[in-house]
Engineer: 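Take a look at this one; I'll ask things after.
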Amino acid sequence: MLNNEKIILMTKLALYEQKNQKKEIKTSRYFKSDYMSMKMLSSFICVTVGYLLCLAFWFMYSSSNIISHMTTTGSFTILVIVIVLAYIIVTVLYMIFSYAFYSHKFREMRKNLKEYNGDLKTLHRIQELEYDAIIDELEEGGEEL
């Protein structure tokens, strides 16, 4: 006889595994501090590479203006200070955003995994009850396992 509750639960678990197994189930192996450290490091590398690429493109686009302006005014140190300050500001803002984003994402994944594990326990209990019922029927019928 089919157990509708068990079928619904198994379908829900299978859909979760297909949709989120690669990301969330693998992430469950990490502590929050390890996960955040890994994500913050990758964010720092990405923002640094992105900033350097933008700086290189900007310099290629306006290199003649920059060089002519620096030779007439001699403001090379001011340009370097502005570039470094802009990098620091962009990096700090991006890291704050990354921390908030990945912290929220980690909490959501933990919540989903907690629900997934609860559903697995429920499924296990249902299967144990069915197994016990089968054993009881066999024992009542006088059959031996």
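Values below: all heavy atoms of this structure, side chains included; hydrogens, waters and symmetry mates excluded.
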Engineer: Just to verify, what does Arg110 make a side chain to side chain donor-acceptor pair (under 3.5 Å) with, not counting sequence neighbours?
Structural biologist: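 Counting only residues at least two positions away or on another chain, Arg110 forms no side chain to side chain donor-acceptor pair (under 3.5 Å).
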Engineer: Do Leu79 and Leu55 belong to the same hydrophobic cluster, where Ile, Leu, Val, Met, Phe, Trp and Tyr are linked whenever their side-chain heavy atoms lie under 4.5 Å apart, directly or via other members?
Structural biologist: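 Yes, it is one cluster - the side chains of Leu79 and Leu55 are joined through contacts under 4.5 Å.
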Engineer: Identify whether Leu123 and Leu129 are in the same connected component of the hydrophobic contact network (ILVMFWY, side-chain heavy atoms under 4.5 Å).
Structural biologist: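 Leu123 and Leu129: separate clusters.
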Engineer: Hydrophobic clustering (ILVMFWY, side-chain heavy atoms < 4.5 Å, transitive) - are Val84 and Trp58 grouped together?
Structural biologist: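 In one cluster: yes.
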Engineer: Got a sec: does the NZ of Lys32 have more than 12 other heavy atoms crowding it under 6.0 Å?
Structural biologist: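 Enclosed.
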Engineer: Should Phe59 and Ile83 be counted in the same cluster of Ile, Leu, Val, Met, Phe, Trp and Tyr side chains packed under 4.5 Å apart?
Structural biologist: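 Same cluster.
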Engineer: First locate atom CG of Asp119, then atom NE2 of His124, and finally report the distance between them rounded to the nearest 0.5 Å.
Structural biologist: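 Going from CG on Asp119 over to NE2 on His124, the span is 14.5 Å.
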Engineer: Within the 4.5 Å heavy-atom criterion, are Phe106 and Lys39 side-chain neighbours or not?
Structural biologist: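 No, every pair of side-chain atoms sits at 4.5 Å or beyond.
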Engineer: Would you say Glu5 has more than 12 foreign heavy atoms packed within less than 6.0 Å of its CD?
Structural biologist: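 At most 12 heavy atoms, drawn from other residues, nucleotides or ligands, come within 6.0 Å of this atom.
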Engineer: With clusters defined by side-chain heavy atoms of hydrophobic residues (ILVMFWY) lying less than 4.5 Å apart, directly or transitively, does Phe44 cluster with Met38?
Structural biologist: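 Hydrophobic grouping puts Met38 with Phe44.
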Engineer: Taking only residues two or more places apart in sequence, or in another chain, which ones meet Glu115 in a salt bridge (charged side-chain N to carboxylate O under 4.0 Å, His left out)?
Structural biologist: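 Once residues adjacent in sequence are excluded, the partners of Glu115 under the salt bridge (charged side-chain N to carboxylate O under 4.0 Å, His left out) criterion are Lys12.
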Engineer: Identify each donor-acceptor pair in which a side-chain atom of residues 87-102 lies under 3.5 Å from a protein atom, sequence neighbours left out, and give them as a table.
Structural biologist:
from, atom 1, to, atom 2, distance (Å)
Tyr87, OH, Thr48, OG1, 2.8
Thr91, OG1, Tyr87, O, 2.7
Ser98, OG, Ser43, OG, 3.2
Ser98, OG, Tyr94, O, 2.9

Engineer: Charged N to carboxylate O below 4.0 Å: is that the case for Glu108 and Lys111?
Structural biologist: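 Counted as a salt bridge, because a side-chain N and a carboxylate O are separated by less than 4.0 Å.
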